[in-house]
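Chain letters run A, B, ... following the sequence lines, proteins first and then strands; every chain starts at 1.
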There are 4 protein chains.
Amino acid sequence: MAAAAQVVHQQGAERTTIADIARAADVQVGNVYYYFKTKDELVAAALIEHTRQLETLTGELDRLPDPRERLKSLVRGWVGQRDLAARYGCPTGTLATELDKRAEGGLDKEAGKVIRLLLDWVASQFRELDLPDPDGLALTLVGAYQGMSLLTNALRDPQIMVKEGDRLIAWLDTL
Amino acid sequence: MAAAAQVVHQQGAERTTIADIARAADVQVGNVYYYFKTKDELVAAALIEHTRQLETLTGELDRLPDPRERLKSLVRGWVGQRDLAARYGCPTGTLATELDKRAEGGLDKEAGKVIRLLLDWVASQFRELDLPDPDGLALTLVGAYQGMSLLTNALRDPQIMVKEGDRLIAWLDTL
Amino acid sequence: MAAAAQVVHQQGAERTTIADIARAADVQVGNVYYYFKTKDELVAAALIEHTRQLETLTGELDRLPDPRERLKSLVRGWVGQRDLAARYGCPTGTLATELDKRAEGGLDKEAGKVIRLLLDWVASQFRELDLPDPDGLALTLVGAYQGMSLLTNALRDPQIMVKEGDRLIAWLDTL
Amino acid sequence: MAAAAQVVHQQGAERTTIADIARAADVQVGNVYYYFKTKDELVAAALIEHTRQLETLTGELDRLPDPRERLKSLVRGWVGQRDLAARYGCPTGTLATELDKRAEGGLDKEAGKVIRLLLDWVASQFRELDLPDPDGLALTLVGAYQGMSLLTNALRDPQIMVKEGDRLIAWLDTL
DNA sequence: AATGAATGAGAGTTCATTCAT
DNA sequence: TATGAATGAACTCTCATTCAT
């Protein structure tokens, strides 16, 4: 699953072959099918892996006492991944974009669920801060993240994330 | 080219076959190769088509006297496309995400160029308004657009664009 | 189609690969799919080919003036094919047996239709002879043909068809 | 062995996987290979199972005093299995047809042996009745059985077996 | 310019068989 | 004996690309 998540992030779901994942996981191609009956199941596994990583991250952030600090730390984490984002984009965002075109397996909804998870966590931080329209604020923050990831990736310029990250942190402080 | 742009937007570059485009353009498969030597050239043509549409749009907006009004009108245009975005995402943004994974043909830079075009036009509006850091503001605005398009698409909810669009317009008015 | 019919008869539908048929038809594997979208369609084509051959045969027999002579000639034709039957069985019968187990493609009914065609032609001969229960007689004659084909094939003994063929001809004369 | 016999009868030897048989026998896939070294051995085991069932049947029929009555009882038994025959054909006949195309393992002769067993038993009944050419009569009776099984199966009509069964019983009485 | 067929390289998937435990 | 995983060779099917006409 880890191999699938990584290779799919780097090559994209469509361009990733089962052989690619098998090689990354150091197993035989045929053996992959012992655990995942179809390629769709493998992609779903990659998504679950991303969910797991997201939950680990938010779990760690939850240990911070101040919700505002949690959000700022989240943004700092994003910026810290800027080189990866410049090269391959946001794992969840790019996967969501691809899976949207892969309607047959019913995977198109799954990526949305992971993003929803992030949105909900962010909104709950804003809620804890007693800010009005926490859901709208979450949309703005997560949207800004997805947007700057995409621009960073498309223009291959990690500095975009630094600049926008700073802006987001300043913005969080004004709320 | 128009057929390529539309089908590629709806199905994604990877999942679109030459046969799909040929059918949409109502020509024979073999004949496509008389005009485009490779599939990459077809995808490039789709990008050019998007560039053309962007230039048409900014050309029209340029007729408005006030740069701020131009930007607000641009946002309104985005929101007007919300149903398309919910179904298929931003044509340029999703294509950029896909082409990033398609390095061989050298197409990965091309999508960035189209986005750069939009960024430049937006920045020049901010510059005309004598605002500080027009490039940064452009990054923020276009980033917000890409972000809300992706969320709208991933969650299949056009209302996200309405809400974020309103926020962007209000933001433009505060500058 | 002719290649498909022959190879499928000799190797069976399951053991015949598209490559086998392509080789027999002297075309490229991929090209087969230009004409037949799936393997099931190829097998169906083989069935159509058998139908065509059956219609050619009955068409020729119809030129004989006496219905009884037509039937006797049919039996003689079967016996004439005894070596082929000993090696590969009756093309339609063996295919019907295999397709019965291949329910997914909906091919299981198709083989029955070809057999029904033969039954109907035979019955109409008996009807022309003003014999009672022509359908039952057809069932007996065609059943005897399928039975002796199967035995001949299973025991690899063409003589079985000679012996049973003689008996059937004698039987036809007693009616 | 019983599981193999049943599943192979229903799905055909080619379409039956070791996993299918293992599931039917409620054992692990790998464990099947502790008892049967190859798939061919499993199919052979299915054949042996059919032989066993045939011997049980003839053993019971042998308890009847009159050979003619034994044969009539045999036919009645066949007709009693008409629904199974309509769905899956005669176990031995369909297997013989399939195995004929599976030459490598040398199984093609094995199915013939089972049929030969039946032929011999039937012939010995005719011999006991002092009828001329008992082997020829056996061929006719068993051939009729295989033929009506195939037709019943191909046309999915159990009534065929009722009708032909009646005819065979009447025929036995005329001898 | 257009047509329809041909080519050939891969991709996903299945499955008999093996093997360590 | 039993288990569960691993292996690897097919096989079906897809598709970008080429080509003769």
Side-chain angles (χ1 to χ4, degrees), chain A residues 4 11 13-23 25-43 102 104-105, chain B residues 4 11 13-23 25-43 102 104-105, chain C residues 4 11 13-23 25-43 102 104-105, chain D residues 4 11 13-23 25-43 102 104-105:
Chain A
Q11 309 189 353
E14 294 296 340
R15 291 191 88 81
T16 297
T17 68
I18 308 288
D20 289 335
I21 296 174
R23 201 177 311 119
D26 207 38
V27 297
Q28 214 71 15
V29 179
N31 194 24
V32 171
Y33 281 88
Y34 186 80
Y35 298 95
F36 306 96
K37 277 191 282 293
T38 62
K39 184 178 177 180
D40 273 344
E41 282 194 21
L42 253 182
V43 176
R102 216 169 203 276
E104 295 116 38
Chain B
Q11 309 190 353
E14 294 297 339
R15 292 190 89 83
T16 297
T17 68
I18 308 288
D20 288 333
I21 297 174
R23 200 177 313 118
D26 209 38
V27 298
Q28 218 69 17
V29 180
N31 196 23
V32 171
Y33 279 88
Y34 185 80
Y35 298 96
F36 305 95
K37 272 194 285 292
T38 63
K39 183 177 178 181
D40 275 342
E41 282 193 21
L42 254 180
V43 176
R102 204 183 165 85
E104 296 114 38
Chain C
Q11 311 191 351
E14 295 295 340
R15 290 191 90 82
T16 297
T17 70
I18 308 289
D20 289 336
I21 296 174
R23 199 176 315 117
D26 207 39
V27 297
Q28 213 71 16
V29 178
N31 194 25
V32 171
Y33 281 89
Y34 186 80
Y35 298 95
F36 306 95
K37 277 192 281 293
T38 62
K39 185 178 175 179
D40 273 345
E41 283 194 19
L42 252 182
V43 176
R102 215 169 204 273
E104 296 115 37
Chain D
Q11 310 188 353
E14 295 296 339
R15 292 191 88 82
T16 297
T17 70
I18 306 290
D20 288 335
I21 296 174
R23 200 178 312 119
D26 209 38
V27 298
Q28 217 68 17
V29 180
N31 197 23
V32 171
Y33 279 87
Y34 185 81
Y35 299 95
F36 305 95
K37 274 195 284 292
T38 63
K39 184 176 178 182
D40 275 343
E41 282 193 20
L42 255 180
V43 176
R102 204 183 167 85
E104 296 115 37

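- Remark: P of F:dT17 and OH of B:Tyr34 are 19 Å apart, rounded to the nearest angstrom.
- As a whole-Å value, the separation of A:Arg15 CZ from E:dG10 C1' is 13 Å.
- E:dA11 atom P lies 10 Å from atom CD of A:Gln11, rounded to whole Å.
- Nearest approach of B:Glu41 to B:Lys37, heavy atoms of both residues: OE1-N, 3.2 Å.
- D:Glu14 has its CD atom 15 Å from the P atom of F:dA10, to the nearest Å.
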Side-chain donor-acceptor pairs under 3.5 Å in residues 16-23 of chain D, sequence neighbours left out?
| residue | atom | partner | partner atom | Å |
| --- | --- | --- | --- | --- |
| D:Thr16 | OG1 | D:Gly12 | O | 2.6 |
| D:Thr17 | OG1 | D:Ala19 | N | 3.3 |
| D:Thr17 | OG1 | D:Asp20 | N | 3.0 |
| D:Thr17 | OG1 | D:Asp20 | OD2 | 3.3 |
| D:Asp20 | OD1 | D:Arg23 | NH1 | 3.4 |
| D:Asp20 | OD2 | D:Thr17 | N | 3.0 |

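- A straight line from OH of A:Tyr33 to P of F:dA9 spans 17 Å, rounded to a whole angstrom.
- A distance of 5.0 Å separates NZ of B:Lys39 from CZ of B:Arg102, quoted to the nearest 0.5 Å.
- In this structure, C:Ala19 and D:Val29 both approach DNA chain F, and ranking their closest nucleotides by distance from the 5' end singles out D:Val29.
- Between the NZ atom of C:Lys37 and the P atom of E:dA5 there is a distance of 13 Å, given to the nearest Å.
- Comparing A:Lys39 and B:Asp26 by the nucleotide of DNA chain E that holds the closest heavy atom to each, the one mapping nearer the 5' end is B:Asp26.
- The minimum heavy-atom distance between A:Phe36 and A:Leu42, with the atom names listed, is CD1-CD2, 3.6 Å.
- The shortest side-chain heavy-atom distance between A:Glu104 and A:Asp40 does not fall under the 4.5 Å cut-off.
- The D:Thr17 side chain lies nearest to E:dA16 when the options are E:dA16, F:dA16, F:dT12.
- Sequence order on DNA chain F of the closest nucleotides to C:Asp40 and A:Gly30 puts A:Gly30 first from the 5' end.
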Applying the Watson-Crick and G-U criteria (both distances under 3.5 angstrom) with [ ] for crossing and | for other-strand pairs, one obtains for DNA chain F .||||||||||||||||||||
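- At whole-Å resolution of the value, CD1 in D:Ile21 and P in E:dC15 are 12 Å apart.
- Between the CD atom of D:Gln28 and the C1' atom of F:dG4 there is a distance of 7 Å, rounded to whole Å.
- For C:Asn31, taking side-chain heavy atoms from C-beta onward, the closest of the listed nucleotides E:dA5, F:dC11, E:dT13 is E:dA5.
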